[in-house]
Each structure stands twice: as structure tokens, then as C-alpha cells.
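So that the names make sense, note that chain A is the first sequence line, chain B the second, and so on, each numbered from 1. What you are looking at is a predicted structure, and each value in this text was computed from that prediction instead of being measured.
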Amino acid sequence: MTATTDAPTPTTPLAINAAPVIRRRIGTIAGRIALLAPVVAIYLVFFVWPVVSVLLRSLSPDGKFDAAAPVIDFSNYQKIFIDDFLLRIEWRTVLLAINSTLLTVLLGFPTAYFISRLSKRTAGLLLLLILVPFWVSIVVRLFAVTSILSPNGIVNQLSLALGFGETSLLYTQAGTLVGTVMYLLPYMVLVLYAGMTSVDDNLVLAARTLGASSVRTFFTVYLPMVRGSLVSGALLVFILGLSFFLVPAILGGPQEQTISVYIQQQIDVYQWGIASAMGILLLIATIICYVGVVKVAGSFQPGGIGPSQAKGVSTSLPFRWSPWMAVSAVVSFITIAFLVIPVLFVFPLAVGETGTVVFPPRGFTLRWFGEVFTSQAWLGPIWQSIIVATGTAALSVGMALILARVTSRMTSTTWKAVIGGLAFAPIVTPAILLAIGMFDVQLKLGLTGSVIGLILAHTIIAAPLSYALIVAAMSSADRGIEAAAWTLGASRARAFWTIVVRGIMPSVIGAFAIAFVTSWDEVVLALFIQTGPTKTLPVTIYKYLESGIVPTVPAVASLLVLVVVAIVVVRSVTSRATSRRTAQLSARQEKP
Amino acid sequence: MTLSTARRTRGADATTAPGLSGERRGEVVVSDIGLDYNGVPALADTDLHVHAGEFFTLLGPSGSGKTTLLRIIAGLLDPARGTLHIDGTDVTRTPTQKRDIGFVFQNYALFPHLTVAENIEYGLKVRKMPGAKRAARVAEMVDLVALGGFGDRYPAQLSGGQQQRVALGRALAQNPRVLLLDEPLGALDRGLREELGAEVRRIQQESNTTAVYVTHDQEEAFILSDRMGVMRDGRICQLGTPEQLYREPKDLFVAKFLGKTNLFPGSLVSSDGSTATVRVGDHDLVARANPAIMGDDVVCSVRPEQLVLGAAGAATPVPAGLTRLAGAVITEVRFLGQRRSIHLDASGIACSVDLDPAAPAPAVGDHVSLLVRPGEVALVAAEPEPKA
């Protein structure tokens, strides 16, 4: 071996070497821009333009923005705060949101607490009972609630039988409240459950060893630790309740209009000005609340996409019955019954023999199921929904992959935050505002009534969820493996597809699924921009709900519930099987 | 360097540079390579010549720029200036994919969704090696890294040491010219580290590649390297065989970084080519000359195993072949199995001496003389202290 030899080599002037490096950088920047261009274009045309368009319309007295002679006029906004009729609508909307938030917290907190104290097995089962209604389309659940609350529904029958007299909740404030709470409860329980299971049991034990009573421990130790998820859950629920359209539209009836319902009616009669101003008002209220969520929780987690898996109690703080626990158990039972009964209710209705929907059903027949699969009235919508949802899912995953790819390569955290915030903006925007804006823009582009138009509209609200899943997977995956593929000679494209995307395949599939479900269940956007004769499935059901219930609706509804149950059960079985298999493998690995 | 085994058959990629025989593949020449992070140099303009077939180690504390240099050689980082040649070809602007290298990452970076065999196969598939040949090569690599029977396992089902071997097999499968290793043993526990270190060396020799190895663990560097370079603050302080670096440190940092040492400040009296005379306290010492020294302020570096204890007092006779360095008081005596470690206070300088544990142990508080063989004292220039 030779001794130290620093090979003397001629030095090269700096400038000559510097140039190619810079060229390579510019090359990658140009590549990024080329990749991003279609994503940005879709975002600008189908999100920014609709919102801006509504904003501009709201600033013109007759609701028509004229680019040639732009006017800025606040008369619409003035009207919102002066007109008695409008003030009543606004007050009703806020009241509904507050009341439903309070009820949701009162029911959700004990339920989440009870479930978080149970063994892993039981907790998993109860969570499933909350997740199934959560995944069942809201239109289906609303259908069930309508039949339960209707004059010949079970509530009224029960009340008459018990001698309380006529109790019809349909088209009342109470009915709207019940429907809204039913929609919001799963969000609340899931957010709280996630917060509660992350509390370190040792802190509670520590408080006990220091001599604190269990009541004192609860208020001084436990509650402060779950306060963050409680507040952010409540704000989230409040926001959703504020701009919710479907429940007030169906259960509220004409006397119980809320802002969203009013906006829709104004658009129907071409009163764009006041509708737009109302929409912008909702947007501002929503933004304020979201800022609150971010302040409290530190970040915004779009509801319902985190994995809500049962974690089970630790052995350090075992489950024990106490008066509080008993109360929690009772509340949990009420919550779960409240969520599950409407879902189950569709089955007896679906097999009744009468041509109208009555409860209790008379006779037994599967005729309605047969009719669903033979009549074009349902096959058309089913097919339409499948096409739109598949298209939306494919487009969303594509956009999410591009965006995640670009952001995961970024070094600047501020830019990452800005892009993340912009990406989530569409799902934060009130659905009704996005719907009227989208309707406006797609009318101008001649896209209303087309499948492509609906796919693009749904992609705007589905892609952020796909993006959240994919970007989380990409940033938690080992960045080194991509570089490793490069050192093995794989081109950048090959390394990306065979290593990066392949490595996060479960998340890509999850992103596809969540986009598919988002589109499959979406009603508000689809209601506005589907002007053709064939509508998607939930919109078709909605139309029947508005106009009177056809006997095939329960059959369709029960089929939809069955699909969700099947998927949820299959998923939980497979995930349990996978975890058992990995456990076995690691156990086998222990023994050499 | 003779090879213990027969030359291996090459893979499909006979991309050896023209004019070079297969024996001498993977010569890496780094010329004036530099890189800045936000204006701060992460790598000062650096020269390095790694010979073909050599096992070369870059040793340094974290943040010294060793991984930066390794990643520049791999093409995972673009240098701001300078050129890089592998086997005489300028690859400064060649993307990683085309450099024909193997890289072992600190965390192995195994593809979690592929089995052991598929991980090793990946680079061969990229190179479109025909199926039968590919399978044979994968089997060969699995044997080479001693993972027979594990080919169908996924990385998550392997222990850390096994994962490390897969990473090594994957990097070597396409028979790269240069094998680059970024602290591949860092995540393993001590016993395994020694065992696998020897294995890395064996595999490198058998596969006849040049290896550039990055580590902050000097023992690893000593075990593995033909030559090594000590890095600090983005530059290479000294290059040489492990023994050269240990015995003849060029500066104070290298002296302190490699092994334990006792440092006695002194001043240069005279110097002639190979030896120098230094005055330490009241004693004149003969030490090896160090051409890197500029001024008169020097530090004598004496390893604990090179110091000998003698009777106290400046007048007492000194055994033949030894020189008195200083008087000292024993402050601590520790039995450590293979050696007995004695801590002393030499008029304010804390120092330590390693003794044969079988020899009689001195007692705490004894006054002794520190003796040393003249040729074993290494001289380095004194540094302004605040650093290090």
C-alpha cells in the first residue's frame, strides 16, 4: 500500500463548472411546472373562479357582474343585515348550528369516553356501529328519518299509543335539529375518541397517587388534556352545521329555512345578488371558525379520514364501573341507537308489500329489489354514479400524486404550508357556495349536465382528501429508498413508480377509495350542475324525498347500506388478518 | 493486494472504462470539489485520490462533511465546483443512475415492499439482464452475503444485521465500480458491528470493488481500511494508513480524535529533517519531526500505552532508551481487565498511563516520573484552544 498521495490535479475555473449545475436546477424547476400545470389549471378554473365569480356577483345589486363596467356595491350585504326576513333566517341558522353543536357534545363526549375505556375488542365493535352510519350516504339516512318522523311513522304511532297525542316532528325545528345531530355525531365521537385514546393513562394515575379524588382528577387532569380535541371537534361540528344544506332542505320544510336553503331557492329564481352575498357571509364565518380550529389544534385534520382504530385500554388503568361510567354507558347506548336505528329502519320498509311506505310494513316481498334492477329509473343513476365516482377517484389520485410529489421535494416549510392550505381550501368552503359558483362557471363553459363537468366538480372536493392521505404516506416513507433506486441505476420515472408509489400503494388505494366515496355520496354540487335527465344515485333519492316517497326507494337505500356494511366488515376482517399475520411472522423471526 | 478467491464473473454490465483492466476498477479522483449550504461551505475545495481496489475510509465527527463528500461521489448531491473522475472518465455531470456505483445507506433504505431477492434483483432488472442469468446472480449474491434461505423474506422480517447484509448485496449485485458506504454499521450494536465490519471487508475483497466508507467510529476505520482520511469542518485533515495516522498525527485534532492521548505543551528547540528537539517543562525531548509545524509552540502527543512510570525525582537515573518527560502524582488507579489505567496529575496536566495489569500497581498519591521512548513522541502544532 502506498503512503499518502494527494493527486495534484489542475484546477478548473469556477465559472465553467457552475453553469451546468444551474442549468440542471432550472431543468427540474421547468419539469415541476410542467407537472403542476394541469393541477393548477383545474384548481383555478373550478375552484378559484367559482368563488371569485360569486364574490363579484355579490357586489352587484342585480347579481350580474359586468367586466366592462365593474361596480362595487354593498347593497346586498346591507340587505343581509337589515331585512327582517333575512335576519330571521340567519338567526335560525346560527341557532340550529349552536343547538346541534351542544347536543352533539352532550351525546358525543360520554360516548367517546365510554368507548375509550373499553377493551380493544368491544371498543372496536362499538366504533364499527358508529362508522357504518357514518359511511352510509346521508340521503339514505335522511330518508329513514323522514319515515320515522312522518305522521304515520313510528314516533307518532308510539306517542299516540302512549296517549301523548299527535307528535309530528317532520318540517319542524326539532326535526331539523334531530337530523343535523344525527349527521354531526359521528364526526364528534371520532375526533374525541382520537383525542382521548392519546391521553397517557399514567397522568391520571399520577393524579390519584397525589391524592386527588376522581372528580378532581377528571376536571384538573383529564379534561385539560382532551380540551384541544373537544374544542376543535365542536368548532368543526359547528362549521358543518352552519352551512349544512340537506337536512334543513328535507326535514325543515318551507317554514324552517336556513341560509343554505334560502340560497338555493334564490338561485332557482335567478336572484344571484342576495344569494351570493349570503354565500360569502357563510364563507367568512367558516374561515373564522377554521382559524379557531387551527389555533386550538395546531393543525387542521379533515374530519373522518384518519384511521379510527380501536386502541383499547391499557392494563395500567383498567375498566371499572362507577356512577359516571354508568351514565356514560347509558348515553353511549342512546347515541348508538340514535345512529344505528335509522340505518336498520330501511330494511323492513324495503320488504313491505304496500305501494306506499308505511310502518310497520305489511307483508313480505322482494318485488321492489327486482324492480330496482330492471327499471331504467334506478339503473341509469347507479351507472351514472359509478362512472362519475370512478372518474373522480382516478383524477383525484392523479392530482394528489403530482401535488404530493412536488411538495415532498420542497425544502421550504412556508411554501409547503401555503400549498397545503390552498389544497384544503375547497373542502373548507361551504358546499352551497361552491355549488352555486360551480353552477355559474360550468354554465359559462357549457359543462352543466355533462359527466366530465360533474367529475371535475367532484374532483375539487375529493382531491384534497386523496392528497392528505398520499402526502402523509409519502412524507412518512423513507426518502432514502428513492435515492437508493437511483444508485441502482433506475431512472427517475422508474424509481418513482416502482419504488415510491409502489411503496405507498395502500395509501394510494385508500386515496382512490375516499375520492370514490366522496363523489358517490355527494349531493349538493351534483344537485346544481346535473341538468340532464339522468342524475347520480343520491340526487335521484333526494329528488324522490322532495316529491314524495316511491316504494323502490327503501330497496335502494337498503342495498346502499348493505354495500357499506359489507365493505366495513371486509376491511376490518382483512386488517385484523394482516395484523395477525405480521404478529406471527415477527414471532417466528424471534426464534432463529 | 492479492485476492483470496478466484475472480468473479462479471454481470451484464461490462462498463469498464476503456484502457483499464478489470483488476483496476473504480479509481476515484476528486479534484477541488466544494459545496456550500446557504453560503456556509459544507465541503471546502477538496482533493482526494482513492486507488482502484482500495478500501478507503472517511473518518470524522458528525458535520465534518464526510457524508457530503460521499453523496457527491454518488451523484446524489451536485458539487458547486470541482470535478470528479471515476476510472479516468469525468462524471461530474453524470447523473447517479449512470455512474455505475453501489451505495449502502445508513438506514439501509431497503425497499419495504420487495423481498430480499427482489431487492437484490432490482438493479439487475433495471439493467435488463435476462431472467435466467439474473436469477443466478441473485442466488450468488444471497450466498455472498450469507443470507441463504432468506430470499423470500421481507425487510421488516429481518434483523438489523441481516438487513445490512441485504443492503450490501443489493449494492453489489450489478457489480459496481465503486461501492460507497454511509455509516452502514452505525445502527447496530457493538458485537454485531465488529463481526459485520469484517464481513464487509471480506465481501469487498471478494467482489473486487473499490470501497469508500464513511464512519465516525475509529475502531471501524482501523479494522476495515487500507487507507483513511480524517475530516473536520468540511476538509480532509490527513490521509494515510491507519497506523500512520495513529502514530504520526499531522495536527492536534487528528491526535486527539484518534484514540486516547496525553498532550504536553512545549516549544520547539531545534529540528533536522526526521527528528526534532522539544522542551517540555524542564526536560528536553527528542521527537519525530512534523513538517506541518510552522511556529515554535508545539504539543507533544504521547499515547497512554507509550508512557512508562519511573521513580520520582529529577536526579534519579532513567532506564536505557527512555527519556524523562515530567514528574507526576497518581490520582486514580483503575483495573480494566486487559490493562490497568492510571490517572495522573503532571503539574496541572491530567494524563493517563496504561500498564500491564499483572505488574505491581502504584498507589494513589505516589510521586512518579513519566518516561517515554524518544521516537514515540509525536509533535503537532499548538492550536488556539477555543475550538474542538
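Between B:L76 and A:T487, some side-chain heavy-atom pair lies under the 4.5 Å cut-off. Two residues are said to be in side-chain contact when any heavy atoms from C-beta on lie closer than 4.5 Å; A:I481 and B:P112 meet this criterion.
Of all the heavy atoms in B:Q174 and A:L488, the pair that sits closest is NE2-CD2, 2.9 Å.
B:H113 places a side-chain N or O within 3.5 Å of a backbone atom of A:T498 that can act as its donor or acceptor partner. Of the possible donor and acceptor atoms, one in the side chain of B:Q97 sits under 3.5 Å from a partner among the backbone N and O of A:A490.
Residue B:L180: no heavy atom, backbone or side chain, is found under 4.5 Å from chain A. For chain A, no part of B:R71 is nearby; none of its heavy atoms comes within less than 4.5 Å. Both the backbone and the side chain of B:F103 have a heavy atom closer than 4.5 Å to some heavy atom of chain A.
For the options B:L114, B:V104, B:N107, heavy-atom pairs under 4.5 Å to chain A are most numerous at B:N107. Looking only at heavy-atom pairs under 4.5 Å with chain B, the residue among A:A495, A:G503, A:G489, A:G480 that has the most is A:G489.
Scored by the side chain to side chain donor-acceptor pair (under 3.5 Å) test, B:N290 finds no partners at all (sequence neighbours excluded). For B:E121, the side-chain contact (heavy atoms from CB on, under 4.5 Å) partners two or more places apart in sequence, or in a different chain, are B:E118, B:K125, B:R134, B:V138.
Interatomic distance, A:I499 CD1 to B:F111 CZ, rounded to the nearest 0.5 Å: 4.0 Å.
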Apply side-chain contact (heavy atoms from CB on, under 4.5 Å) to residues A:R494 and B:Y122 and explain how you reach the verdict.
CA-CA 11 Å; A:R494 184 180 187 134; B:Y122 189 83; 4.1 Å; yes

